[in-house]
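The chains referred to below are lettered A, B, ... by the order of the sequence lines, with proteins before strands, and numbering in each begins at 1. Just so it is clear, the structure is predicted and the values come from calculations on it, not from any experiment.
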There are 2 protein chains.
Amino acid sequence: MSAAKKTPKVKDTPKNPRIGILIADDHSVLRQGLVSLIGFEADMIVVGEASNGREAVDLWRQQRPDVILLDLRMPELDGVGVIKQIRADDENTRIIVLTTFDGDEDIYRAIQAGAKGYLLKDVPREALIDSIRRVYAGETCLPVHLANKLAERIRGGSVSEREIDVLKLMAQGKSNKEIGSVLFVSAGTIKSHVKSIFAKLNVNSRAEAVANAAHRALIQL
Amino acid sequence: MSAAKKTPKVKDTPKNPRIGILIADDHSVLRQGLVSLIGFEADMIVVGEASNGREAVDLWRQQRPDVILLDLRMPELDGVGVIKQIRADDENTRIIVLTTFDGDEDIYRAIQAGAKGYLLKDVPREALIDSIRRVYAGETCLPVHLANKLAERIRGGSVSEREIDVLKLMAQGKSNKEIGSVLFVSAGTIKSHVKSIFAKLNVNSRAEAVANAAHRALIQL
DNA sequence: TGTTTACTCCCCCGAAAAGGGGATTGGAGA
DNA sequence: TCTCCAATCCCCTTTTCGGGGGAGTAAACA
């Protein structure tokens with residue numbers, strides 16, 4: 001079950017294999033930063049750069065990197081989609097999510113999908129390099145406050161898919177009746193959903209629910 | 001009124017002065033990316049790196065760079081604050097805002113405060129380098145869609161400070177009466193504010209107003 | 001100077017939301 | 001199997017919202 005069972009596709013020095021890394025981020029400046037940082041490490045090498053999700057999957061199939069640094073917010077195919085596709089092919093792939101936002105929902109979905117690490121982009125470089133080595137070694141790597149958020153998210157009871165549908169329409173200013181017509185159920189049903197949403201988010205108005213849900217990245221605005 | 005009236009503090013080659021650049025961003029990876037990218041340009045040099053707003057102002061005072069690449073979201077002192085402080089000292093300073101978000105309000109406030117350029121972090125490297133040269137040369141540099149947003153924002157009529165106060169409290173789920181008590185005015189007054197907020201944001205419910213305001217970065221969630 | 005604009009306050013009224021209760025179905029898990 | 005829970009629907013009441021109108025003050029701007 002070693003990650004390197006498929007001989008790493010590093011073109012040189014077969015006697016000193018380096019950790020092959022694939023970078024997937026739509027921000028070219030950030031990609032450059034990662035390439036540059038990793039370039040300082042003798043035991044690592046960047047084997048590919050993708051600027052969107054589809055490219056990331058393609059490059060992964062070609063290069064079979066040891067570790068993937070993945071942004072969640074990307075065009076074409078988002079990070080969670082990338083994780084799912086890649087792990088459908090090889091569930092041992094080491095994926096580190098590297099993102100700006102720390103909305104609960106993003107973390108949760110990434111970890112659910114099989115990410116082994118989750119870092120915020122403001123990590124100092126040592127922590128980043130350290131995480132790559134640890135995830136490559138098979139460890140799971142989560143900053144403390146993110147682990148806490150995960151725990152909290154599990155404690156708090158999850159908001160169901162249906163409730164998120166309702167939340168999205170709520171954020172568009174729709175009334176219960178309007179939401180009902182969109183979702184083909186009665187306004188009363190929506191009312192019940194709204195009540196349970198309030199309970200789960202611990203809020204007491206639609207406006208607050210929208211603010212809270214956006215903050216938790218349950219919905220995108 | 002030349003930007004280089006204060007002889008650039010580049011330590012070498014006085015006969016071939018390079019554009020001195022200060023980078024201010026709390027994401028170390030991104031800073032590294034910028035340093036690396038700028039390193040490829042013969043006519044540019046990074047004279048300092050700041051990881052928060054206060055550092056940025058301090059470094060600016062020491063180094064007097066020709067151009068500043070500035071993130072708006074930073075700890076200690078935010079980007080707009082940095083712009084204001086620096087331009088209070090020298091209103092000719094060339095500042096390029098480089099940020100992830102394109103909420104109308106951020107752009108507006110940065111430009112108001114005196115930024116000469118505004119780039120999103122997903123710009124290709126050529127565009128970034130080009131913008132640095134152009135802003136150094138005295139031009140103002142805004143991507144088309146950002147310029148459009150600015151125009152739209154001016155057309156749409158600005159949301160007043162008071163209205164933003166109301167919006168913030170609205171996002172906390174407070175009723176008109178509750179908002180009134182917090183702001184020491186009557187519920188009827190709040191109602192008037194809410195009405196004009198709806199008109200300005202072109203929405204028709206509190207939930208939608210909160211979503212819209214967050215999207216425009218009028219309020220932070 | 002006059003005009004605009006932000007902020008404050010008031011009226012009315014119908015529709016919607018908030019908060020409480022209960023009930024049924026069907027599926028997932030103990 | 002039985003229990004839990006999501007999802008659906010219904011009842012009730014009180015409060016808030018949203019849309020309509022008008023109006024006064026003070027400050028800023030032309």
Letter by letter from the 5' end, nucleotides 16-30 of chain D scores (B base, S sugar-phosphate only, - none; protein heavy atoms under 4.0 Å) SSBBBB---------
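A 4.5 Å side-chain heavy-atom check between A:V80 and A:L72 finds at least one atom pair inside the cut-off.
Between B:D89 and B:K84 no salt bridge is recorded (no basic side-chain N to carboxylate O distance below 4.0 Å). A salt bridge does not link B:D58 to B:R54: none of the charged nitrogens lies less than 4.0 Å from a carboxylate oxygen.
Rounded to an integer number of Å, the gap from CD of A:E208 to P of C:dA18 is 11 Å. A:L167 has its CG atom 12 Å from the P atom of D:dA7, to the nearest Å. The distance from atom CZ of B:R162 to atom C1' of C:dC9 is 13 Å, rounded to the nearest whole Å. Atoms CG (B:L183) and C1' (C:dC9) sit 15 Å apart, rounded to a whole Å. Atom CD of B:E163 and atom C1' of C:dA6 are 8 Å apart (whole Å). Across the protein-nucleic acid pair, A:I197 atom CD1 and C:dA17 atom C1' stand 14 Å apart, rounded to whole Å.
Between the B:R206 side chain and the B:L167 main chain, no donor and acceptor come within less than 3.5 Å of each other.
OP1 or OP2 of D:dA6 has not a single side-chain nitrogen or oxygen of A:H193 nearer than 4.0 Å. The phosphate of C:dC7 has OP1 or OP2 within less than 4.0 Å of a side-chain N or O from B:S160.
Checking A:T189 against A:S186 by side-chain atom types alone, a donor-acceptor pair falls below 3.5 Å. A donor atom on one side chain and an acceptor atom on the other are not found under 3.5 Å apart for A:S181 and A:E178.
Using a 4.0 Å heavy-atom cutoff across all strands shown, A:T189 reaches at least one base atom of the nucleic acid.
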